[in-house]
Structure formats: C-alpha cells, structure tokens
Amino acid sequence: MKILVVDDDLGLRDSLSLILQDGGHEVVTEGNPKNGLERALADTFDIVLCDVRMPDLNGLEFLREYARRGGSALVIMMSAYGGEDAALEAMQEGAYDYLPKPFRRDEVLLTLRKAEERELLKGRVASLEAELTRAKELDIVADSPSMRKVMELATLVAPHDTTVLITGESGTGKEVVARAIHRMSPRRAAPFIAVNCGAIPENLLESELFGHVRGAFTGATTNKTGLIESAAGGTLLLDEIGDLPLPLQVKLLRVLQEGEIRRVGDARVRKVDVRFISATARDLESAVSSNAFREDLFYRLNVVRIHVTPLRERPGDLDGLVARLLERESARAGRKLTLAPGAFEAIKERSWPGNVRELENALERVAVLSPDGVIRAEAFGSERRLQSPSERTRTLSERRPRTLKAALDEAERIAIEIALDATAGNRVEAARILGVSLRTLYYKLKHLAA
C-alpha cells in the first residue's frame, strides 16, 4: 500500500517510516500539515496517517478539509496521551481508526492490515453491486454462479468486435445475452437485429440475409436491403445458426472474412460493418463431424464462446426470475400479481424443459387464469414435475417392453406436446424450445399424425 504520514515530529516520522517500509509499504512523509493536505490531494494514497495535534492545521481540520475536497484515502489518526477525545471525534467524522502514541510495531501493522482487508471487501461489494445493477439494467437475472460467469464474459467481450458464439438449450436466454453484449458495446446506438435461421424457409433465407435487386427472381419487383446491411454499424444475431443451409454458410464465411456482401442478382459488392453474434441449441462440433456444418465457418464463429446453462442447473436464479416475470406480468395485466403460499415451491418442482421461456409462458398463462391476482400452487399441478432418480427408475420398470422406434416416437410426441402447450400452440416458439427448425417440427407433426 502507498501511505502518507503527516506529523510535525521528525523522529516519529522516521521511526514510523521504517516500520511501514519493513512491512512492505511505500511511504511518503510530510512534517507540515498544510503541505501534507495538498500532497494527499495531489497524489494517490491508500492510507493517510495523520497526527491529531499539529500547529496551523490540526488533525480534525485536516480530515474535514480532505473530505470536503474529495479525498478518498482511508485516514487513520495518531494521538498522544490526552488527544484521544479529538481522535474519537475524528472517527465520528469519517476517520477509519486511530493509533495511540507511543505505539508498537505489531500494533501499527495490524491496524494497516485490517484497513487493507476492509478496502478489499469494500471493493468486492462495490463490484458485486455494480454487476447486479448492470444485470438488472440489461434485464438479466444473474444470481447464480454460472450466470455471473456469463455476465463476466459478456462484459469482457462487449467492447470488441470479436465474433461470439452463444450456446445453450432453447429458452435459456441466449438472445437476452446477445442483446446485453450489444448494449454494453460501442455499437449500442446502432441497430440490434436478430434473425432465426431455422424459422425462415430456405428459398427465402438468402434474400432475407443478403437482400436482392429488382428482377433477381420471380416476385422481386423492387430492390431489397438484407438484414446484414440493415444492421450496419450495429449487431446481427444469427439465432439457430446450426440450421443455416450449407450454401449460405459459404456466403456467410465470406462476409466474416472480407466484410462485404453481394445482394441476390447483383454484380455489385457492398462493404458492411456489422458485429456478428451467433447462437445455437445444437452441438455444432457434431454437426462439423457429420459434414452438416462447415468447419472453417465454425472456427470463425467460435472465437469466444459463452455457454448459458439450463434453468434446472441454476436454481439460484429462479427466485429473481419469478420476481422479475411477475413484475412484468403485473404491468401487462394492470394489476398486482402475487404468489400464494406453496406456489413458489410448486414452481421449483418443475423441470422446465423449455427453460426461462417456458417459465415466462407458464406464469403468463396462470396469471390470466387467476382473476384475483393470486397465483396458487394448484395452477402448476398439471405441469410436468421434475422426477427424482428413484421415481424415474420406478417409472421405467413399470413400462411394458416395446420397439425402440415406438419408444422414440412416444418420447418425441410427449416433448412436442409439452412445447406446444408451453407456447400456447405457437409452433415457431415450440420449435425454438425443442431445438429444431420449424421445417423439422412440421415434418414431425405430420409424421406423428399419420
């Protein structure tokens, strides 16, 4: 630590300087209190050791003036016999502690160590409060260790244009994290555009991303700016990047490498300035191994990876999420919504396969079905509950043997029914929860209905 000693006694300054230097501290001494005050304000010190009784400017006056002029170091008063009252008065006005003269070496070093520990703890608390405030401003609940790590990574990468790959199950909040990165970045004033690569039919996706010129294909009656150009200066989130068709993967790679695009049907190359963030619920490494995803594009997207864990693995966020979502639903409904006793326990028993999105949809649904604004545990009674290992084992033992295909069909049917129920029949959202493209979901529904 860097310490300033202000005392008009030369012998004490010298002896104290030796003690502090032996303790590993950097020491500056000053015998004139007015000069000491100016020195304390002009330089950066961790601690100021100041005598109570000095000519021209006593210790209490020093402390008041130092605080008035914005001094930030901890001030420890030193007092000889008879000066304790003034030292205690100084502590009431903001001094951290006081040392009675004469003092022993161990006593001085112990006081400084306690002050150092206090400042470290104060710094950690301030950092935590800033992190929680930032997470709240960004509409993110980050109470669990895993989500705090997500926020740390997001904060570190936000100022840079590095490509980011956000992974995690559907509904975990990958888009929310991407928006947070954008809002913490220098591009925050420019557009943030999100596109779901699995929700747009393949024959339209290229035009949506890159745009087209008039006459490029049947129906192209005007020029169209693509989403990449529309995000100029800002951020483009390519959600469900694993569903991007291989031909478009090649074109996207060129955009990332060269910073330029060509609209469909256009010979002109256009420069673009866009920060790319990708998100996926799929295992892209497996997709690369099976040649379903280009390896070079994967490495270009996967410069920094942020993994958002499923809700079931971060129960520490559940309390904050429920409170935040209830507050949002209350504003939407125009009435205060509350949880009845036992309702939160019912929520905690759920497995939440659709993660935060399913929780949000479930709370919206039960809020509508609670005319008095009180959400009761029974409202979640028909929802899927998280089974214990013993319950799962017993359930499996009670089932009759069947073919593997029949078992897989049943599992798919149940998963699709849960997703559709959680999204009130919204197939686009259900596909996101299931981690498949909209095309795949339509195919599965047709197959299961046959």
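Atoms considered below: every heavy atom in the structure, side chains included; atoms not considered: hydrogens, waters and symmetry mates. Everything numeric in this text was worked out from a predicted model, so none of it was measured. Along the sequence shown, the residues carry numbers beginning at 1.
Residue pairs meeting the salt bridge (charged side-chain N to carboxylate O under 4.0 Å, His left out) criterion with at least one partner in residues 9-21, sequence neighbours excluded, are absent. Each ring-ring contact (aromatic ring centres under 6.0 Å, His included) pair with one or both residues in residues 227-263, not counting sequence neighbours, would appear here, but there are none. Pairs of residues two or more places apart, or lying in two chains, that qualify as salt bridge (charged side-chain N to carboxylate O under 4.0 Å, His left out) and include a residue from residues 223-235 are Glu208-Lys224, Glu229-Arg263. Residue pairs that meet the ring-ring contact (aromatic ring centres under 6.0 Å, His included) test with at least one member in residues 151-196, sequence neighbours left out, are His182-Phe192. Sorted by first and then second residue, the pairs that involve residues 294-311 and meet side-chain hydrogen bond (donor to acceptor under 3.5 Å, both in side chains), not counting sequence neighbours, are Ser146-Thr309, Thr167-His307, Glu285-Arg305, Arg294-Asp296, Glu295-Tyr299, Asn302-Arg305.
Under the 3.5 Å distance criterion, the side-chain polar atoms of Trp352 are matched with a main-chain donor or acceptor of Ile347. Side-chain N or O atoms of Glu61 include one that pairs as donor or acceptor with a backbone N or O of Asn58 at under 3.5 Å. Between the Asp51 side chain and the Met54 main chain, no donor and acceptor come within less than 3.5 Å of each other. Panel note: side chain Thr440, backbone Val436; no donor-acceptor pair is recorded below 3.5 Å. Without hydrogens or angle criteria, Lys174 side chain to Gly168 main chain gives a donor-acceptor distance under 3.5 Å. Tyr66 places no side-chain N or O within donor-acceptor distance of the main-chain N or O of Val75, the cut-off being under 3.5 Å. Checked by atom type and distance alone, the side chain of Arg275 pairs as donor or acceptor with a backbone atom of Thr162 at under 3.5 Å. Side chain of Ser330 to backbone of Leu337: a donor-acceptor contact under 3.5 angstrom is found.
With sequence neighbours excluded, the residues forming a side chain to side chain contact (heavy atoms under 4.5 Å, CB included) with Asp243 are Glu240, Arg282, Ser437, listed by chain and number. Scored by the side chain to side chain donor-acceptor pair (under 3.5 Å) test, Arg69 finds Glu38 as partners (sequence neighbours excluded). Residues satisfying the side chain to side chain donor-acceptor pair (under 3.5 Å) criterion with Arg332, sequence neighbours excluded, are Glu329, Glu364. The side chain to side chain contact (heavy atoms under 4.5 Å, CB included) test applied to Ala232 returns no partner, not counting sequence neighbours. Under the ring pair (Phe, Tyr, Trp, His ring centres under 6.0 Å) criterion, His212 pairs with Phe217, sequence neighbours left out. Remark: Arg376 pairs with Asp372 by the side chain to side chain donor-acceptor pair (under 3.5 Å) rule, at least two apart or across chains. Every residue meeting the side chain to side chain donor-acceptor pair (under 3.5 Å) condition with Lys251, not counting sequence neighbours, appears here in chain and number order: Glu206.
One distance of note links CD1 of Ile277 with CG of Leu238; it measures 9.5 Å at 0.5 Å rounding. Note that CG of Leu12 and OG of Ser15 are 4.5 Å apart. Values are rounded to the nearest 0.5 Å. Here the straight-line distance linking atom CG of Leu20 with atom CD1 of Ile3 works out to 4.5 Å at 0.5 Å rounding. Rounded to the nearest 0.5 angstrom, Glu360 CD and Leu326 CG are separated by 11.5 Å. Separating the OG1 atom in Thr235 from the CD1 atom in Ile181 is a distance of 8.5 Å, to the nearest 0.5 Å. Distance check: Ile19 CD1 to Leu112 CG gives 10.0 Å after rounding to the nearest 0.5 Å.
Across every non-hydrogen atom of Met184 and Ala158, the tightest pair is CB-CB, 3.7 Å. For the pair Thr29 and Ser17, the tightest heavy-atom approach, listed with the atom from each and the gap, is CG2-CB, 4.2 Å. Taking all atoms of both residues into account, the shortest heavy-atom contact from Cys197 to Leu205 is O-CD2, 3.7 Å. The nearest pair of heavy atoms linking Leu246 to Asn291 is CD1-O, 3.9 Å.
Of the candidates Ile200, Leu252, Leu244, Leu209 forms a side chain to side chain contact (heavy atoms under 4.5 Å, CB included) with just one, namely Leu244. Under the side chain to side chain contact (heavy atoms under 4.5 Å, CB included) test applied with Pro353, the options Leu311, Ile418, Ile433 reduce to a single match, Ile418.
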Using salt bridge (charged side-chain N to carboxylate O under 4.0 Å, His left out), reason through Arg324 and Asp317 one step at a time and then give a plain yes or no. CA-CA 11 Å; Arg324 182 80 58 84; Asp317 289 332; over 6 Å; no
Salt bridge (charged side-chain N to carboxylate O under 4.0 Å, His left out) between Arg113 and Glu116, worked out: CA-CA 5 Å; Arg113 186 162 61 249; Glu116 185 176 20; over 6 Å; no
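Ion pairing between Glu358 and Arg365 fails under the 4.0 Å rule for side-chain N and carboxylate O. Checked for salt-bridge contact, Arg64 and Glu93 meet the test: a charged N lies under 4.0 Å from a carboxylate O. Using a 4.0 Å cut-off between charged nitrogen and carboxylate oxygen, Arg53 and Asp8 do not count as a salt-bridge pair. Ion pairing between Arg148 and Asp143 fails under the 4.0 Å rule for side-chain N and carboxylate O. One finds no salt bridge joining Glu152 and Lys149 here, because no Lys/Arg side-chain nitrogen approaches an Asp/Glu carboxylate oxygen to under 4.0 Å.
Side chains of Asn355 and Thr172: a donor-acceptor N/O pair is absent below 3.5 angstrom, by distance only.
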